Amino acid sequence: MIPYGKHCIDQSDIDAVVDVLENQFLTQGQMGPKFEKAICDYVGAEYCTVVNSGTSALHIACLAAGVGQGDLVWTSPISFAASANCARYCGADVDFVDIDPVTRNLCIDKLSAKLSLAQQNNRLPKAIVVVHFTGASCDMQAIQALTQPLGIVLIEDAAHALGATYQGRNIGSCQYSDMTILSFHPVKAVTTAEGGAVTSNNAHYAKLLGLYAKHGITRQDLINSEEHEGEGWFYEQQLLGYNYRLSDIHAALGLSQLQKLDGFISRRREQARFYDEALSALPLKLPEVPAYTDSAWHIYVVELLQHDRKKVFQALQAKQIGVNVHYIPIHLHPYYQELGFKPGDFPVAEKYYKMALTLPLFPTLSREEQEYVVQSLKEVLS
Ligand SMILES: *Cc1c(COP(=O)(O)O)cnc(C)c1O
């Protein structure tokens with residue numbers, strides 16, 4: 001079976017992990033801070049907190065944003081459920097902004113209209129989680145121009161987009177946002193097996209992110225510093241945090257993987273160009289990437305213009321091609337339906353979902369395998 005996505009681990013990654021196991025601290029040694037510094041250098045952000053998953057990263061980003069009971073968080077319905085669940089962890093309500101049918105990211109006109117209405121009703125979101133779906137950036141400058149005057153915290157879910165650029169700058173730089181979250185799950189651009197990070201340029205958020213990820217405990221910036229001078233054992237719990245730390249074993253893998261990120265992304269871009277050309281004559285809507293972003297091509301999603309998606313999915317699976325569907329609109333899951341959402345609430349997302357099909361794309365996918373995918377798709381659609 002050709003999977004839709006796959007990690008790429010080589011001997012240098014294995015050596016990096018073995019070195020930690022044999023010679024270093026297994027957790028809370030030097031690897032976490034080194035990985036954080038390397039992420040900052042790569043994306044061009046001032047601060048980074050690594051954590052044990054992208055989902056944890058979303059949770060602490062919401063906490064740092066001050067999201068709590070009774071607050072409201074908006075996101076895109078076409079994302080992994082974690083983009084919305086993070087608000088629920090904080091006791092907040094979730095709402096969605098329907099997608100743009102071309103970019104398939106949250107629609108800026110709809111966002112603008114929904115913000116005007118929310119302002120009239122005095123029910124503005126505390127934070128908005130925008131998702132760079134498939135690895136192509138949202139138009140962050142336009143989004144920030146809408147959210148910043150209203151005091152809304154803007155969080156980028158860049159789980160798909162490490163290695164992508166917006167206006168020529170790396171995603172994660174937070175040029176037009178407050179925080180950016182990354183995921184290092186094995187299907188993402190680089191992996192730590194499980195892992196994630198939050199980047200920011202704001203010292204206040206950075207401090208809170210570090211606290212929330214580590215039990216709320218710190219030895220620095222003590223609230224009662226004078227009383228405890230010379231007490232080398234002393235630490236304070238300043239808020240209710242979690243154990244979301246990334247171990248040194250995982251961080252060493254991430255540090256090694258990050259050296260190869262640019263190579264992985266250029267392979268993904270070549271493969272996307274190959275699909276663009278090879279599939280152009282088929283009755284498919286191919287991905288369109290706006291000029292302001294260079295996509296990281298986390299996934300290559302086509303939309304079937306004439307064919308039944310279930311039949312095409314099954315026929316390709318029968319040919320050992322691990323096609324997939326990204327995503328079932330979040331508001332259609334039973335959990336969110338119980339909260340009051342219903343089919344028809346976000347019609348563009350629902351229409352997209354009925355036609356969407358993700359084709360295999362990952363750095364070690366061979367040209368022969370890609371040709372087999374194209375040939376099989378031609379046969380199935382003929
Ligand atoms: C993968 C993913 C996440 C969650 O990341 P984990 O590391 O798996 O917890 C969040 N948002 C999006 C869009 C993702 O694709």
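Position 1 is the first residue of the sequence, and the numbers go up from there. Atoms within a ligand are numbered from 1 in the order they appear, just like the ligands themselves. The structure displayed is predicted, hence computed values, not measured ones.
- Within the structure, the closest approach of His298 to ligand 1 does not fall below 4.0 Å when heavy atoms are considered.
- Ring geometry, His331 versus Phe341: the interplanar angle exceeds 60°, so the pair is classed perpendicular (tilted spans 30 to 60°).
- A salt bridge between Arg123 and Asp93 is present, with a side-chain N of the basic residue lying under 4.0 Å from a carboxylate O of the acidic one.
- The pair Arg273-Glu270 does not count as a salt bridge, with every side-chain nitrogen at least 4.0 angstrom from each carboxylate oxygen.
- A salt bridge links Arg104 to Glu303: one of the charged nitrogens lies within less than 4.0 Å of a carboxylate oxygen.
- Heavy-atom proximity to Ser183, at under 4.0 Å, picks out these atoms of ligand 1: 1 (C), 5 (O), 6 (P), 7 (O).
- Each of Phe96, Trp74, Tyr353 was checked for a ring pair (Phe, Tyr, Trp, His ring centres under 6.0 Å) with Phe346, and the lone residue meeting it is Phe96.
- Separation of the Phe184 and Phe35 ring centroids falls under the 6.0 Å cut-off.
- Against a heavy-atom cut-off of under 4.0 Å, Ser79 is close to the following atoms of ligand 1: 13 (C).
- Contact between Ser56 and ligand 1 is absent, with no heavy atom of the residue lying under 4.0 Å from the ligand.
- Atoms of ligand 1 lying under 4.0 Å from any heavy atom of Tyr327, numbered from 1 in the order shown and given with element: 15 (O).
- The distance criterion of under 3.5 Å between nitrogen or oxygen atoms is met by Lys188 with respect to ligand 1.
- Contact annotation: Ser83 has at least one heavy atom less than 4.0 Å from an atom of ligand 1.
- For Ile328, the CD1 atom is loosely surrounded, since the number of other residues' heavy atoms within 6.0 Å does not exceed 12.
- Shortest contact from atom 11 (N) of ligand 1 to any protein heavy atom: Asp157 OD2, 2.8 Å.
- Near Gly195, the atoms of ligand 1 lying under 4.0 angstrom from a non-hydrogen atom of the residue are 7 (O).
- Checked by distance only, ligand 1 and Gly54 come closer than 3.5 Å through their nitrogen or oxygen atoms.
- For the ring pair (Phe, Tyr, Trp, His ring centres under 6.0 Å) with His228, the qualifying choice from Phe234, Trp233, Tyr235 is Phe234, the only one to do so.
- Checking only distances, His160 does come within under 3.5 Å of ligand 1, N or O to N or O.
- Of all the heavy atoms of Thr55, the ones lying under 4.0 Å from any atom of ligand 1 are found in both the backbone and the side chain.
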